[in-house]
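See structure below.
Just so it is clear: chains get the letters A, B, ... in the order the sequence lines come, proteins before strands, and each one is counted from 1.
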Amino acid sequence: VLVEGDRIFEFDDWRNSMSYWKGDFQYKKTIKSFLSNTQWKKLRDGVFGNFFRLQGVKFCGRLIHSVLLSEIISNDSHSMTFKVFYREVKFTREAFQIITGLKCSSSVDFKVLRERENRLSKVYFPGKDRIELGDLWHFITSHPYGTTASFVGSHDDAVKLATIYFVESVLMGKRKNRNVSERVMKIVDDDELCSSFNWGSLCYEKLLKSLKSCLKPKQNTSENENEKEKDKEKDSYTILGFPFAFCVWIMEVFLIFQEK
DNA sequence: TAGCCAAGGTCCATTGAGTA
DNA sequence: TACTCAATGGACCTTGGCTA
């Protein structure tokens, strides 16, 4: 029986595994080609502006994997604790907020959105009862700015569609065949709500749930040893949410160790 | 040009939201 | 509360770009 402070994984468990992220690495390029300079500036001055000033995002799958293997048992379900070089370090909501600059205060409440209509969906995807992220990607890439095919809606709507694409494909790390959240569309359509919304918590909870579950073996009711061994041999897994903040946190933690 | 690796694509079992 | 079915996430496969 494991108690608080114990390692969850043996050192030689799943050591050859690799973690991946299935969001859009090229989000800046995808979105930039869709927007005019004024719209691009508006996006960079908005609530997600930081993410459009980054040079680019680089995913370190092996680094994340090796740190995840050093997780230890903790009684706090809202963070993750690791033991690295004999020292305990904690990845928390506060750390995520500092790294991303996104609001992480209260818990997320969607109740107010239930009665609202999804205007953006009605106008730009008429007749569709659900929109896949691939549909939105196709819409954005097939209306490049400055060409005969460029977007004909309002300036604000162009920025809103770009924002929705960014939230779903980057902050949520969704694959293209997954649905665009109606809630996200409604929040982004409301300027005031969008700038005050708790994006950090939404994205942190997604990331934490994914980090906590990706290496855990499936609940194996059978006592079959072969099944358990097979589970250990899995060679890859996908991380959801925005794991780049976790990468930055890892690098910061290593720097602190280096200085001591 | 072969081999490697990361990114993108797809299948399917599980999950969870909606409804009676 | 039980049931149904669409959405999701895990796992694996394919593609494409890079390098030696």
Side-chain angles (χ1 to χ4, degrees), chain A residues 8-9 13-31 33 51 54-69 71 77 80 107-118 121 125 127-142 164-187 202-222 224 226-244 246-247 250:
Chain A
I8 295 176
F9 305 104
D13 275 356
W14 300 294
R15 61 182 156 194
N16 291 319
S17 297
M18 183 62 181
S19 58
Y20 294 103
W21 181 72
K22 300 295 172 79
D24 184 0
F25 287 94
Q26 310 292 319
Y27 69 94
K28 271 176 70 177
K29 202 176 136 204
T30 308
I31 290 171
S33 64
F51 299 89
L54 288 172
Q55 287 294 328
V57 288
K58 187 73 192 152
F59 184 74
C60 313
R62 290 221 184 274
L63 181 68
I64 289 182
H65 176 66
S66 58
V67 172
L68 286 179
L69 285 176
E71 188 190 356
S77 62
M80 279 181 97
S107 61
V108 179
D109 181 18
F110 292 113
K111 278 186 200 132
V112 287
L113 297 169
R114 209 164 282 171
E115 302 305 316
R116 290 192 196 186
E117 69 151 12
N118 192 345
S121 168
F125 300 91
K128 278 202 168 243
D129 57 344
R130 65 188 189 93
I131 303 160
E132 288 190 359
L133 189 55
D135 296 334
L136 183 56
W137 178 83
H138 188 259
F139 186 90
I140 285 175
T141 53
S142 60
I164 293 164
Y165 180 75
F166 167 76
V167 170
E168 293 289 74
S169 70
V170 181
L171 292 185
M172 295 292 118
K174 281 187 184 175
R175 297 172 240 182
K176 287 205 172 67
N177 59 353
R178 296 298 183 256
N179 290 346
V180 175
S181 159
E182 262 194 55
R183 289 163 171 173
V184 168
M185 294 189 86
K186 289 176 182 178
I187 295 165
L202 182 71
C203 164
Y204 175 74
E205 278 158 26
K206 183 93 170 172
L207 172 65
L208 199 73
K209 190 181 167 207
S210 178
L211 291 176
K212 277 177 181 275
S213 65
C214 62
L215 278 182
K216 304 273 189 302
K218 276 186 264 171
Q219 291 299 328
N220 227 328
T221 44
S222 74
N224 191 336
N226 287 340
E227 290 279 313
K228 285 180 182 171
E229 281 306 309
K230 207 182 162 193
D231 222 6
K232 278 190 180 186
E233 281 166 15
K234 69 176 180 180
D235 60 355
S236 72
Y237 52 90
T238 311
I239 294 177
L240 304 168
F242 187 69
F244 305 95
F246 187 59
C247 286
I250 294 170

Aromatic plane relationship, A/Phe139 with A/Phe125 - under 30° parallel, 30 to 60° tilted, over 60° perpendicular | tilted

Measure up the A/Phe244 and A/Trp21 rings against each other and bin them: parallel (under 30°), tilted (30 to 60°), perpendicular (over 60°).
-> perpendicular

Contact class for A/Lys206 (heavy atom, under 4.0 Å): base, sugar-phosphate, or nothing?
-> sugar-phosphate

One should read off an interatomic distance between A/Ile140 CD1 and A/His138 NE2, to the nearest 0.5 angstrom, of 12.0 Å

Atom-to-atom span, CG of A/Leu240 to P of C/dA11 - whole angstrom = 12 Å

Within this structure, what is the CD-to-P distance between A/Glu182 and B/dG18, rounded to whole angstrom?
-> 10 Å

Which atoms form the tightest heavy-atom contact between A/Ser121 and A/Lys128, and what is the distance?
-> OG-O, 4.3 Å

Between N or O atoms, less than 3.5 Å apart, protein on one side and nucleotides 15-17 of chain C on the other: list the pairs.
none

Give a yes or no on whether the ring-centroid distance for A/Phe51 and A/Phe242 is below 6.0 angstrom.
-> yes

Take atom CD of A/Glu132 and atom P of C/dA6, then tell me their distance rounded to the nearest Å.
-> 14 Å

Letter per nucleotide, 5' to 3', of nucleotides 5-12 of chain B [B base touched, S only sugar-phosphate touched, - untouched; heavy atoms, 4.0 Å] | -SSBBB--

Rounded distance in Å - CZ (A/Arg183) to P (C/dT8) = 11 Å

Could you tell me which non-hydrogen atom of A/Val170 sits nearest to which non-hydrogen atom of A/Asp24, and how far apart they are?
-> CG2-O, 4.0 Å

Any idea which heavy atoms bring A/Cys247 and A/Ile64 closest together, and the distance?
-> SG-CD1, 3.6 Å

Taking only residues at least two apart or on different chains, which pairs with a member in residues 170-182 of chain A satisfy salt bridge (charged side-chain N to carboxylate O under 4.0 Å, His left out)?
-> A/Glu168-A/Lys174, A/Glu182-A/Lys186

